[in-house]
Amino acid sequence: MALQPVRGTRDILPEEGIRMAEVCAISSETALWYGYEEIATPIFEFTGVFDRTLGEATDVVTKEMYTFEDRNGDSLTLRPEGTAPVARAVVSNGLAQNAPLKFYYQGPMFRHERPQKGRYRQLHQVGVELFGVPGPLGDVEVIALGAHILERLGLTDKVRLELNSLGDPESRAAYRDALVGYLKDHLDGLSAESKTRLDRNPLRILDSKNEGDKTIVAAGPRYTDFLNQPSAAFFEEVKSRLDDLGVAYQVNPTLVRGFDYYCHTAFEFITDALGAQGTVMAGGRYDGLVQALGGPSLPGVGWAAGVERLSLLMTEPPVKPRPIAVVPIGEPAAAVALRITHALRHQGFAVDLGYSGNLGRRMKRANKVNACAAVMIGDDELAAGNATIRDLDSGEQIVADLDDLAASLEKYKT
RNA sequence: GUGGGCGUAGCUCAGCUGGUUAGAGCGCCUGGUUGUGGUCCAGGAGGUCGGGGGUUCGAAACCCCUCGCUCACCCCA
């Protein structure tokens, strides 16, 4: 077809739009209960915001960003994720002194990946970021909020929480060295891809799906054994506070994050219902990020969730409001019907007024838009100053005075 | 970026090893019913068979290229 949307993008039609809007509405409302207020950052940033923070060896930076020069010659990038821009906004607006800061955001992200179900080049995320809380309570709050949102979306049974700790930079370096040393002894058994990752991004080998890699990794050094005392204590605290709250999780020592700015807690809410695109909400702690952007030393922790993936998991059909259909019969009634429609809409009713047709056609339309009631006005009603209200579920009809039509229709208000 | 599967009406799909006017169900439109919807009945509209090239007397079908979807790898939300 000649007119198709750009690969990896698509039109979100009302049916799906309702679901996605519901995901966003529930997320933002729940976030507000925890004190997280909405922030919106631009859809593109200077490229440096991303390539200096996500990690120069990461796939997103090396081959997935939509980067272009604008007319001034500046290198700009369509945001591939939401955390770095929010951190940038904190620095740009000098917000750090008001810490702790709690933000919720929602909007499109862009990554040039090979499209698949639940994986698009323009994707939509909701996310939260908490700045200025150095202790485990921050991690716990953010995870609890995520779990709460999933619960309200009815997805608790479809999703499990996996947890790991990447430790502080010292622990991370120690583990990295140990892992690289171990893997070099088992080079022959590694997949070709993992071999190239060995010096660029060795931690990535941990979550390889290659069976040979998995076997080697399973017998190798475990991340948790390399956490230094403060890092281990931090992780223990996160776990026991989650236990207190009854948030279920399982520790996965091979869980790592895609971006370099993460440390300590890393977590993912995963589903088995979406094939290879199982991660539905993921995040962690990023204590060095704000500083990497030139800001003050300000710890942070947060997560992002894929709106498409979440709405794909919601199997309940979306509920659409049922309008009231106003149907004029004959030409003289048409003008009155328009005025009544206008008045009812101003009183908060959802009202459908067809554009043409006789009574039969208009009733068909009323049925098609799933109207709950029809307000009919013909010559008889016009003369008497009333309207016939037909309940479209029961078929019962009553006659109501035009002057208090709204009162008579009260039970049909959505 | 790599490999596999698939693109026929708005949707879901038939169409046998190439044979001439490309079908069904659902949906849509019209009428039966110009003061009463859903059901039912009758009729109708709608397709450059994803696009381009090739093979052939003849291509929706075979070949090549291309675009897109999909699954896995990869990556990640």
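In what follows, chains are A, B, ... by sequence order, proteins preceding strands, each numbered from 1. The figures here come from the full heavy-atom set of this structure, side chains too, leaving out hydrogens, waters and symmetry mates.
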Specify the separation, in whole Å, of atom NZ of A:K63 and atom C1' of B:G1. 6 Å
A:D59 side chain, from C-beta outward: closest of B:G68, B:C74, B:A77: B:C74
Walk me through whether A:C372 and A:I324 qualify under side-chain contact (heavy atoms from CB on, under 4.5 Å). CA-CA 6 Å; A:C372 50; A:I324 291 164; 4.1 Å; yes
Is it true that the side chains of A:T388 and A:E381 contain a donor and an acceptor less than 3.5 Å apart? yes
Between B:G10 and B:C49, how far apart are the P atoms? Round to whole Å, please. 13 Å
With a 3.5 Å cut-off and no angle check, do the side chains of A:Q116 and A:Q277 form a donor-acceptor pair? yes
Considering only atom C1', compute the distance from B:G47 to B:G23 and round it to an integer number of Å. 11 Å
Between B:G4 and B:C65 - P atom distance, rounded Å: 12 Å
A:Y34 and A:H148: aromatic ring centres closer than 6.0 Å? yes
Report the distance from atom CZ of A:R365 to atom P of B:C28, rounded to the nearest whole Å. 12 Å
Pairing residues for A:R309 by the salt bridge (charged side-chain N to carboxylate O under 4.0 Å, His left out) criterion, not counting sequence neighbours: none
Suppose you measure atom C1' in B:U48 against the same atom in B:G53; what distance do you get, rounded to whole Å? 15 Å
Determine the Euclidean distance between corresponding C1' atoms of B:A14 and B:C29; express it in Å to zero decimal places. 25 Å
For residues 119-141 of chain A, which residue pairs pass the salt bridge (charged side-chain N to carboxylate O under 4.0 Å, His left out) check, not counting sequence neighbours? A:K102-A:E141, A:D139-A:R285
Touch check for A:Q277, heavy atoms < 4.0 angstrom, all strands: base, sugar-phosphate only, or nothing? base
Between A:A282 and A:G275, which residue's closest nucleotide on RNA chain B lies nearer the 5′ terminus? A:G275
Hey, what's the ring geometry for A:F269 with A:F267, parallel, tilted or perpendicular (30° and 60° as the breaks)? perpendicular
So does A:R88 pair up with A:E45, basic N to acidic O under 4.0 Å? yes
For A:S191 and A:D213, test the side chains for any donor-to-acceptor distance below 3.5 angstrom and give the result as yes or no. yes
Contacts of A:Y223 meeting ring pair (Phe, Tyr, Trp, His ring centres under 6.0 Å) (sequence neighbours excluded), chain-then-number -> A:Y175
Would you please indicate if the ring centroids of A:Y66 and A:H112 are separated by under 6.0 Å? yes
Are there any protein N/O atoms within less than 3.5 Å of an N/O atom in nucleotides 42-44 of chain B, and if so, which ones and at what distance?
none

Can you figure out which of B:G37, B:C76, B:C69 approaches the side chain of A:R7 most closely? B:C69
For A:I329 and B:U34, give me the distance from atom CD1 to atom C1', rounded to whole Å. 11 Å
Evaluation steps, salt bridge (Lys or Arg N to Asp or Glu O under 4.0 Å), between A:E237 and A:R241: CA-CA 6 Å; A:E237 182 72 5; A:R241 289 290 85 84; 2.8 Å; yes
Any pair with a residue in residues 160-169 of chain A that passes side chain to side chain donor-acceptor pair (under 3.5 Å), sequence neighbours left out, goes on the list, sorted by first then second residue, please. A:R160-A:E162, A:R160-A:D272, A:E162-A:N252, A:D168-A:S171, A:D168-A:N228, A:D168-A:S231
Salt bridge (charged side-chain N to carboxylate O under 4.0 Å, His left out): which pairs involve residues 170-194 of chain A, sequence neighbours left out? none
Rounded distance in Å - CG (A:L392) to P (B:G35): 18 Å
Quote, to the nearest angstrom, the C1' distance that separates B:A60 from B:G18. 10 Å
Is any side-chain N or O of A:E381 under 3.5 Å from a base N or O of B:G35, one able to act as donor and the other as acceptor? yes
Who passes ring pair (Phe, Tyr, Trp, His ring centres under 6.0 Å) against A:H124, sequence neighbours left out? none
With salt bridge (charged side-chain N to carboxylate O under 4.0 Å, His left out) as the rule and sequence neighbours excluded, what pairs involving residues 348-357 of chain A come up? A:D352-A:R365
Is A:R361 side chain donor-acceptor paired with the B:G37 base, going by distance under 3.5 Å alone? no
Sorted by number, the residues of residues 100-124 of chain A with heavy-atom contact under 4.0 Å to RNA chain B: A:R111, A:E113, A:R114, A:Q116, A:K117, A:G118, A:R119, A:Y120, A:L123
Just by modelled atom types, is the A:L13 backbone N or O under 3.5 Å from a matching donor or acceptor in the A:D11 side chain? no
Protein-nucleotide distance (A:D272, atom CG; B:C71, atom C1'), rounded to Å: 17 Å
Relative to the 5' end of RNA chain B, which residue comes earlier, A:T388 or A:F269, by the nucleotide with the nearest heavy atom? A:T388
Hey, does A:A366 reach any base, or is it just sugar-phosphate, or nothing, if we go heavy atoms under 4.0 Å? nothing
Parallel, tilted or perpendicular: which one describes the rings of A:Y286 and A:Y261, with boundaries at 30° and 60°? perpendicular
Rounded interatomic separation in angstrom, taking NZ from A:K209 and C1' from B:U2: 15 Å
Nearest-angstrom distance, P atom, B:C71 to B:U12: 15 Å
Among residues 395-407 of chain A, which ones have heavy-atom contacts with RNA chain B below 4.0 Å? A:G395, A:Q397
Heavy atoms under 4.0 Å, any strand shown: does A:G82 hit a base, just sugar-phosphate, or nothing? nothing
Tell me whether the guanidinium CZ or amine NZ of A:R10 lies under 6.0 angstrom from the six-membered ring centre of A:Y120 and within 45° of its axis. yes
For a quick check of understanding: with a heavy-atom distance under 4.0 Å over all strands, which category does A:D379 fall into, base, sugar-phosphate or nothing? base
Considering only heavy atoms, which members of residues 368-377 of chain A lie under 4.0 Å from some atom of RNA chain B? A:K368, A:M376
Output the rounded distance in Å from CG (A:L359) to P (B:G35). 7 Å
A:K364 NZ to B:U39 P, straight-line distance once rounded to whole Å: 9 Å
How does RNA chain B read in dot-bracket, base by base from 5' to 3', with Watson-Crick or G-U pairs under 3.5 Å and | used when the partner is on another strand? (((((((..((((.....[...)))).(((((.......))))).....(((((..]....))))))))))))....
Taking the same atom, P, in B:G27 and in B:C64, what whole-Å distance lies between them? 41 Å
